[in-house]
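Worksheet for the structure shown next.
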Amino acid sequence: MADQISLLAVFPDLEPAANAIDTLRSLGLSDENMNVISGVPVTEAMLGRPRQWTNVPRLALGGAGGGFLVGTFLVFTPLLYFVPVGGQPTVPGPPSVVILFELTMLGLLISTFLGVFLDSTFPSYRPMEYVPEISDGKIGILYHCPADKEEKFTKAMTALGAERVELAEEQQL
Amino acid sequence: MAATSQHLELSHEERLREQHLMLDPKPRGEMNAMVMEAMHTTSWKFWVMAVLLGGIVLIGLFGAWGYLIAEGLGVAGVNRPSYWGIFLVNTVFWIGISHAGTFISAILRVFKAEFRRPFTRAAELMTTFGLVQAGFSIFMHMGRVWLAYWLFPYPNERQLWPNFHSPLSWDLLAITTYLLASTMYLFLPLIPDMAMARDRSTGWRKNAYKILALGFRGTEGEWTHLRTAMSIFAFAIIPVMFSVHTIVAWDFAAATRPGWSSTIFGPYFVVGALHSGMGAVIMVLAIVRATMKNMKYFIRPEHFDAIGKLMLIISMTWAYFFFNDYIVQWYGGDRWTKELLHWHEAGPMGWMWFLMLIVNVAIPWLVLWNKKWRSTPWVVFVVGLLINVGMYIERYIIIPISLTINRQPFTWRLYKPGIEIPLSIGTLAFFILLYMLASKFIPLVPVWEVQEGQMAHSVKKFGRETVVTVSELD
């Protein structure tokens with residue numbers, strides 16, 4: 001098996017980037033071997049890419065469950081220090097709803113936030129393949145291809161309008 | 001003839017582009033540079049203002065608070081029967097201000113109101129900084145602030161446990177939840193802008209932005225996780241926002257005091273919060289537009305027009321809830337409630353009651369119906385300021401003035417604030433100072449959101465008519 005190299009093609013716009021992805025596929029690269037880097041969210045549909053998987057909703061749900069359990073503990077704390085008051089329940093219903101709601105929502109939102117960190121492996125301060133022009137609106141296509149086919153891939157990308165194609169070197173952001 | 005018609009049509013399209021930010025795109029690099037320049041350009045006036053506000057914060061907030069802690073709550077005006085004074089007025093007021101950020105960022109995002117894009121962050125910052133002031137005010141009101149941990153469950157020697165079923169504990173939970181949620185909601189869409197700032201900064205700023213950008217590059221996965229999280233936040237934070245001010249309202253409504261025991265207080269407070277919050281947003285936008293470089297491109301009369309319409313609707317809704325609350329209390333005929341209503345209107349502070357109605361209802365209705373007026377920044381700034389004065393007065397009437405009248409006439413006594421006045425000025429100065437300093441470090445305009453919106457907008461011709469169209473990019 002030939003050695004793999006990583007290349008980064010920088011496109012000025014969305015349209016040539018979408019065409020480049022089709023071309024990379026036709027040259028034998030699978031979708032797992034490419035990644036699109038952009039300064040604005042471009043959807044999978046715009047680029048004809050497979051749907052991205054995210055665990056954030058599941059983590060959010062888990063967090064909501066966790067928050068509900070913490071809320072349940074707080075709701076039932078009067079049982080730990082039982083003080084009977086005539087005519088009043090130890091664990092009253094309606095106020096318990098308020099506590100359960102707030103803590104469930106807090107759990108949901110915190111876990112959603114942390115979900116982004118977990119799924120994106122944030123924070124990550126190690127060197128990565130990137131060029132600062134991406135936050136200026138350029139679209140970067142990062143792909144891994146056999147080293148012996150570098151020229152062929154580079155030519156194809158340049159023909160499709162890539163402003164430059166370079167070896168994707170990891171650099172400090 | 002055909003040439004004239006073409007010219008007219010072209011100028012109509014040009015006019016559309018001039019009016020709407022979404023139809024007037026600039027290259028992303030240029031927009032980034034404009035936002036960075038706005039952050040980096042600081043005049044001497046800024047620093048004079050910052051030093052002045054810093055002095056007020058030191059003396060008015062921390063100095064006066066230190067004095068309050070050293071001397072005890074006796075130096076404040078709170079006493080029988082008005083145990084809740086300006087501290088609580090400030091708490092309710094600042095929580096109200098904080099509602100605007102979520103309203104603009106979450107509700108308008110859910111409803112895909114495109115005009116929100118350039119100023120979501122400016123509003124979200126208000127939420128976080130407003131809640132900080134609300135939290136301060138609660139701690140001031142505690143007096144013995146070093147015993148705040150008594151609110152948490154732990155087995156102490158006297159077997160005193162907090163009652164989590166008390167409305168005041170709901171407050172703690174709701175405000176904490178909202179503060180954390182709104183801070184996270186502020187931070188998530190900020191990550192790409194931090195990466196943008198990281199890519200074009202040097203020195204300490206670069207290091208700071210690098211830490212805050214968390215290593216964001218803009219890969220497909222990162223955008224997917226971020227957008228999914230923002231969608232969840234947008235939907236989930238709305239009920240949290242409603243719950244916060246509803247729970248604050250229940251602090252009053254759950255008591256059986258004249259004037260407070262009202263089933264409509266929850267929504268009435270929420271609408272009041274939005275009223276003052278939107279007024280504050282429009283003030284902030286007018287100041288940002290006038291004082292920060294390049295902001296006239298991002299914040300245009302169309303935005304004041306849109307917020308002005310919302311303010312008008314909210315003012316009408318507030319008037320509806322106010323009258324609904326008033327007429328039921330008035331019709332109820334309870335002796336003490338009637339006494340209180342009379343006190344509101346004809347007591348020594350009666351002028352406040354009338355001023356509240358004038359600035360919360362009459363002025364917004366008289367001004368904001370007119371498109372030209374509501375598109376003029378200084379006009380809506382004045383209206384926003386007056387609404388905030390009106391809403392502060394509303395809380396003042398509900399809390400210390402209403403507490404004056406109870407079922408024990410021998411305790412009736414007019415509330416006179418003491419140390420609360422410098423503390424209130426201090427919190428206001430602290431809010432402005434935090435905002436000013438943040439505006440020099442945090443990109444106030446979410447550039448990627450603006451660009452995303454500009455990608456979705458276009459001008460199309462239907463027959464002879466030129467119209468604006470928006471595509472769903474999701």
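Proteins come first, then strands; the chains are lettered A, B, ... in the order of their sequence lines, and each starts at number 1. Quick note: numbers below take in every heavy atom, side chains included, and nothing from hydrogens, waters or symmetry partners.
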Checklist entry - Of A:Thr112, A:Leu59, A:Val56, A:Leu118, which meets side chain to side chain contact (heavy atoms under 4.5 Å, CB included) against B:His225? => result A:Val56
Checklist entry - Contact part of A:Leu173 toward chain B, heavy-atom cut-off under 4.5 Å: side chain, backbone, both or neither? => result both
Checklist outcome for this item: When the 4.5 angstrom heavy-atom criterion is applied to A:Gln172 and chain B, the contacting part is side chain
Checklist entry - Relative to the ring of A:Phe113, is the ring of B:Phe233 parallel (under 30°), tilted (30 to 60°) or perpendicular (over 60°)? => result perpendicular
Item to check | Close side-chain approach of B:Arg198 and A:Pro132, heavy atoms under 4.5 Å | outcome: no
Next on the checklist: Within the structure provided, determine whether A:Glu129 and B:Arg217 are in side-chain contact (heavy-atom separation under 4.5 Å).
Outcome noted: yes
Next on the checklist: Once side-chain contact (heavy atoms from CB on, under 4.5 Å) is applied, do any residues pair with B:Thr246, and if so which ones, sequence neighbours excluded?
Outcome noted: B:Trp250, B:Val270
Next on the checklist: Is A:Val36 in contact with chain B via its backbone, its side chain, both, or neither, using a 4.5 Å heavy-atom distance?
Outcome noted: both
Item to check | Close side-chain approach of A:Phe117 to B:Leu214, heavy-atom, < 4.5 Å | outcome: yes
Next on the checklist: Suppose we screen for side-chain contact (heavy atoms from CB on, under 4.5 Å). Which residues come up paired with B:Tyr297, at least two apart in sequence or across chains?
Outcome noted: B:Leu21, B:Asp24, B:Lys26, B:Met31, B:Met34, B:Arg300, B:Gln454
Next on the checklist: Looking only at the side chains, is there a donor atom on one of A:Ser135 and B:Arg200 sitting less than 3.5 Å from an acceptor on the other?
Outcome noted: yes
Item to check | Options B:Arg28, B:Glu220, B:Glu30, ranked by heavy-atom pairs under 4.5 Å with chain A, top entry | outcome: B:Glu220
Checklist outcome for this item: Honestly, the part of A:Arg126 sitting under 4.5 Å from a heavy atom of chain B is neither
Item to check | Residues B:Thr219, A:Asn35; criterion side chain to side chain donor-acceptor pair (under 3.5 Å); working and verdict | outcome: CA-CA 7 Å; B:Thr219 62; A:Asn35 201 343; 4.6 Å; no
Next on the checklist: Between A:Ile99 and chain B, with a heavy-atom cut-off of 4.5 Å, which part of the residue counts as in contact: side chain, backbone, both or neither?
Outcome noted: both
